[in-house]
Amino acid sequence: MTFSVHGITVSRGIAIGRAVLVASSRMDVAHYFIEPDQVEAEIGRLRAARDAVVQELQRLRQDIPRDTPPELAALLDVHLMLLQDGQMSAAVRAWVTERLYHAEWALTTQLEQVARQFDEMQDDYLRERKADLEQVVERLLRHLKGAAAPITAPPRAPRRTEQLLLEDAQDAPLVLVAHDLSPADMLQFKKSVFTGFVTDVGGKTSHTAIVARSMNIPAVVGARAASQLVRQDDWVVIDGDAGVIVVNPSSIVLAEYGFKQRQGEIERGRLTRLRNTPSVTLDGQRVELLANIEQPGDTEAALAVGAVGVGLFRTEFMFMGRAGELPREEEQYLAYRRAVEGMHGMQVTIRTVDVGADKPLDDRRDAAHLNPALGLRAIRWSLAEPAMFLTQLRAILRAAAHGKVCLLIPMLAHAREIRLTLDLLERARAQLESREILHGPVKLGAMIEVPAAAMTLPLFIRHFDYLSIGTNDLIQYTLAIDRADESVAHLYDPLHPAVLKMVAGTIASARAAGKEVNVCGEMAGDPGMTRLLLGLGLRSFSMHPAQILTVKQEILRADAAKLAPWAQAVLESEDPAAMLQQG
Ligand code: PEP
Ligand code: MG
């Protein structure tokens, strides 16, 4: 049956493929592909875990005290039966052999499949057996945890629609459908085979969406019940332009989307010709286009689209998904150095760690705090963990010996935070000097992403070399809208007059003081905002590489001098969105 689900568009383009459902239960596991030569070993791990759990349950069964209710023994029998069920084991093995899922992923995928069947049963008794199955899987996962899991992701090139229609469905492109994905999970997927993805939750500037955009694959978030409605292996069209997914499309609809997909490819091909064109407006204003990256290897994508530097390296991804173990100084130094050398002498902005809110240190969301976005996040966490912060600062200063480095501090709001940060930076430098370790100078920047900072700009201008406007958080904190919550996504408004006033004020104040200023939030990569930002005087934009050429095209067509009075009128308007549409 064909049906469609509406969500929020976060990354443009069309993807067509078969659905891979990723379980996001309390048994959340990482999702990795294995290499074909690891299949045997992985099946061996599954077998060993099953044998261990069978023995464990049999021991329990033997040692049941006499006065225990008979139901307990019966329950253990059910668990043993589930474990020894040949059909179930074969299905789990098939995920490993056919899809190259690692053992834990194969188990939870099969659990999800069977759980759905249980949910649909009329009989209460049978429906409740789902809990038994979950308990058995949990036991298996505990045993698997002891055995090392391989972590690899063989890359496969995405295929075009006409190819996939001809080919065995087994080889079709895959699209990912999940209730939610942590940014750390997304980074794993970045190295893998998916050509598009859909999640039930999330907003336009949630970190998961940002990573998706950097992968440059079509994506829709906030698609509510998509992960419940879509079945494993369903054919799915992800229309990243319209924020819609179409499930099991008819051949006519499929052909239409295939046509749209090819048009998109032609358009992207046309844009690549702008790669080496200088980014200058019609009236001769030079505009700097920088890249946002999450990993050192992303510099390749930045160079491929002609970025003239990195305006934001989100270092937190190096800290996430490592079960609380923090990266050491040497590991960080080598990663930063790789990014710096990867840009061949162009500036690289390394932002100090910004964990917290929807970027928790480990894979689980921060459920312990009611308002993690207002909690111990970014610089607040860094200042609360000075040893961790000093380690990162030393690593960045060392990387600065290899190229032009800007050091950017997230989420500052208080004068005291500025003082403490500057003191720690001095201390990190002194430590390197006393240890005679090579290090270099950095340009120091502050992110303006908390309204309090945008309203006390002279303080920031006094202490920093430049400012970088983080519109994602500035909007979140100004409008009291959780950027990751799809239920308030309609209120997340970059054009709200209060937001525009702060963005415009920051650009104007920095320029008046002769300080550099850029925007590194998602607003910078939105081509619908380029003319307005140019009109407000912005001359430096930082965005995910996938957007750079589209924004450059807008810049080449713009006349900055003419845009200035128009931008002032937009600022004073009650309905800036309408003015933007009129142009
Ligand atoms: C921002 O808030 O705009 C920003 C660039 O930082 P992040 O999205 O990483 O919070
Ligand atoms: Mg931010």
Side-chain angles (χ1 to χ4, degrees), residues 10-11 182-184 186-187 202-214 221 290-295 298 309-320 349-361 366 371-382 406-413 417 445-454 460 466-485 489 492-496 499-500 502-503 506-507 517-526 529 533 538 540-547 551:
V10 291
S11 187
S182 69
M186 287 296 303
L187 278 187
K204 217 178 176 68
T205 59
S206 62
H207 286 96
T208 305
I210 289 173
V211 180
R213 229 168 273 138
S214 77
V221 299
L290 306 165
N292 290 356
I293 65 171
E294 279 95 36
Q295 291 171 311
D298 293 344
V310 168
L312 173 63
F313 177 179
R314 291 183 164 100
T315 59
E316 47 274 16
F317 291 95
M318 203 188 311
F319 287 67
M320 290 156 61
T349 305
I350 305 175
R351 184 177 70 179
T352 59
V353 62
D354 180 5
V355 293
D358 68 335
K359 287 183 288 190
L361 256 192
D366 187 357
N371 269 316
L374 303 181
L376 198 64
R377 197 195 141 181
I379 189 63
R380 301 170 181 183
W381 184 62
S382 295
C406 302
L407 171 59
L408 182 60
I409 313 292
M411 254 197 103
L412 289 162
E417 287 171 338
M447 286 205 64
I448 303 298
E449 53 181 350
V450 179
F460 289 82
Y466 76 101
L467 305 180
S468 184
I469 308 174
T471 49
N472 307 336
D473 279 314
L474 191 59
I475 298 168
Q476 157 164 274
Y477 295 129
T478 304
L479 301 180
I481 302 299
D482 183 341
R483 61 194 266 195
D485 184 348
Y492 192 93
D493 181 9
L495 289 171
H496 189 291
V499 173
L500 290 184
M502 288 197 213
V503 172
T506 307
I507 297 170
V517 57
N518 66 42
V519 171
C520 67
E522 297 300 289
M523 198 188 267
D526 178 351
M529 299 293 292
L533 290 171
L538 191 73
S540 178
F541 296 59
S542 192
M543 66 202 77
H544 39 97
Q547 282 306 104
V551 169

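Counting starts at 1 for both ligands and their atoms, in listed order.
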Under 4.0 Å to a heavy atom of C520 - the qualifying atoms of ligand 1, by number: 5 (C)
Heavy-atom gap E294 to ligand 1 smaller than 4.0 Å: no
Ligand-residue contact atoms, ligand 1 with R483, heavy atoms, under 4.0 Å: 2 (O), 7 (P), 8 (O), 10 (O)
Atom 7 (P) of ligand 1 - nearest protein heavy atom and its distance: H207 NE2, 3.4 Å
Test item, M411 contacting ligand 1 (heavy atom, 4.0 angstrom): no
Min heavy-atom dist M447 to ligand 1 below 4.0 Å: yes
D298 side-chain N/O to Q295 backbone N/O, donor-acceptor pair under 3.5 Å: yes
Any donor-acceptor pair under 3.5 Å from R380 side chain to E417 backbone: no
Name of whichever N/O/S atom of D473 is nearest to the Mg ion (ligand 2): OD2
Exam field: side chain E449 to backbone D473, donor-acceptor pair closer than 3.5 Å: no
Point-to-point distance, once rounded to the nearest 0.5 Å, from OG1 of T352 to CH2 of W381: 10.5 Å
The Mg ion (ligand 2) reached by E449 (N, O or S, under 2.8 Å): yes
R314: numbered ligand 1 atoms lying under 4.0 Å from its heavy atoms: 4 (C), 5 (C), 6 (O), 7 (P), 8 (O), 9 (O)
Residue D473 vicinity, atoms of ligand 1 by number, heavy atom under 4.0 Å: 1 (C), 2 (O), 3 (O), 10 (O)
Contact check, R351 vs ligand 1, heavy-atom distance below 4.0 Å: yes
Numbered atoms of ligand 1 (with element) below 4.0 Å of I210, judged on heavy atoms: 8 (O)
